[in-house]
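Quick note: numbers below take in every heavy atom, side chains included, and nothing from hydrogens, waters or symmetry partners.
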Amino acid sequence: MAMQIQLNGEPHALDREQTVAELIDALGLGGRRIAVELNEDILPRSQHGETRLADGDRIEIVHAIGGG
């Protein structure tokens with residue numbers, strides 16, 4: 001079942017239902033320090049594996065940048 005989400009403000013098609021964690025892995029961001037916002041709410045990392053994306057969801061993924 002194909003669905004459309006907004007990923008960082010751009011249309012993004014998913015060919016099947018996915019969790020946030022699966023999307024992160026598919027984008028090659030697994031294991032990185034990122035922050036995820038789903039429909040304008042911060043989504044804790046502990047919920048990435050259980051939160052399923054739905055058609056029309058708006059997701060923002062921000063990379064945490066370390067400095068020194």
Side-chain angles (χ1 to χ4, degrees):
M1 172 180 87
M3 64 177 145
Q4 279 288 122
I5 63 170
Q6 288 284 318
L7 175 61
N8 292 345
E10 299 291 326
H12 186 82
L14 300 177
D15 58 1
R16 63 177 178 81
E17 186 179 273
Q18 292 183 343
T19 64
V20 172
E22 289 170 330
L23 175 63
I24 290 167
D25 285 343
L27 294 171
L29 300 174
R32 295 203 184 169
R33 294 184 56 190
I34 58 173
V36 176
E37 185 180 280
L38 178 61
N39 298 324
E40 301 183 5
D41 291 319
I42 297 294
L43 187 66
R45 184 180 299 272
S46 62
Q47 294 179 15
H48 291 182
E50 63 195 41
T51 302
R52 296 207 166 274
L53 294 167
D55 196 45
D57 276 349
R58 293 181 323 274
I59 188 164
E60 298 285 332
I61 301 176
V62 180
H63 300 258
I65 305 219

Between side-chain atoms of residues 34-47 and protein atoms elsewhere (two or more places apart, or another chain), which donor-acceptor pairs fall under 3.5 Å?
unit_1: N39; atom_1: OD1; unit_2: R58; atom_2: N; d: 2.8
unit_1: N39; atom_1: ND2; unit_2: D57; atom_2: OD1; d: 3.0
unit_1: E40; atom_1: OE2; unit_2: R58; atom_2: NH2; d: 3.3

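Taken from OG1 in T19 to CZ in R52, the straight-line distance is 6.0 Å, to the nearest 0.5 Å. To the nearest 0.5 Å, atom NE2 of residue H63 and atom CZ of residue R33 are 13.0 Å apart. Atom CD of E22 sits about 13.0 Å away from atom NE2 of H48, to the nearest 0.5 Å. The NE2 atom of H12 sits 5.5 Å away from atom CG of L23, with the distance rounded to the nearest 0.5 Å.
Residue V62 is not grouped with residue I5 when hydrophobic side chains (ILVMFWY) are merged at heavy-atom distances under 4.5 angstrom, including chains of intermediate members.
Side chain of D55 to main chain of Q4: a donor-acceptor pair is present (N/O by atom type, distance under 3.5 Å, no hydrogens or angles).
Qualifying salt bridge (charged side-chain N to carboxylate O under 4.0 Å, His left out) partners for E50, counting only residues two or more places apart in sequence or in other chains: none. Scanning for side chain to side chain donor-acceptor pair (under 3.5 Å) contacts around E10 gives an empty result, with sequence neighbours left out.
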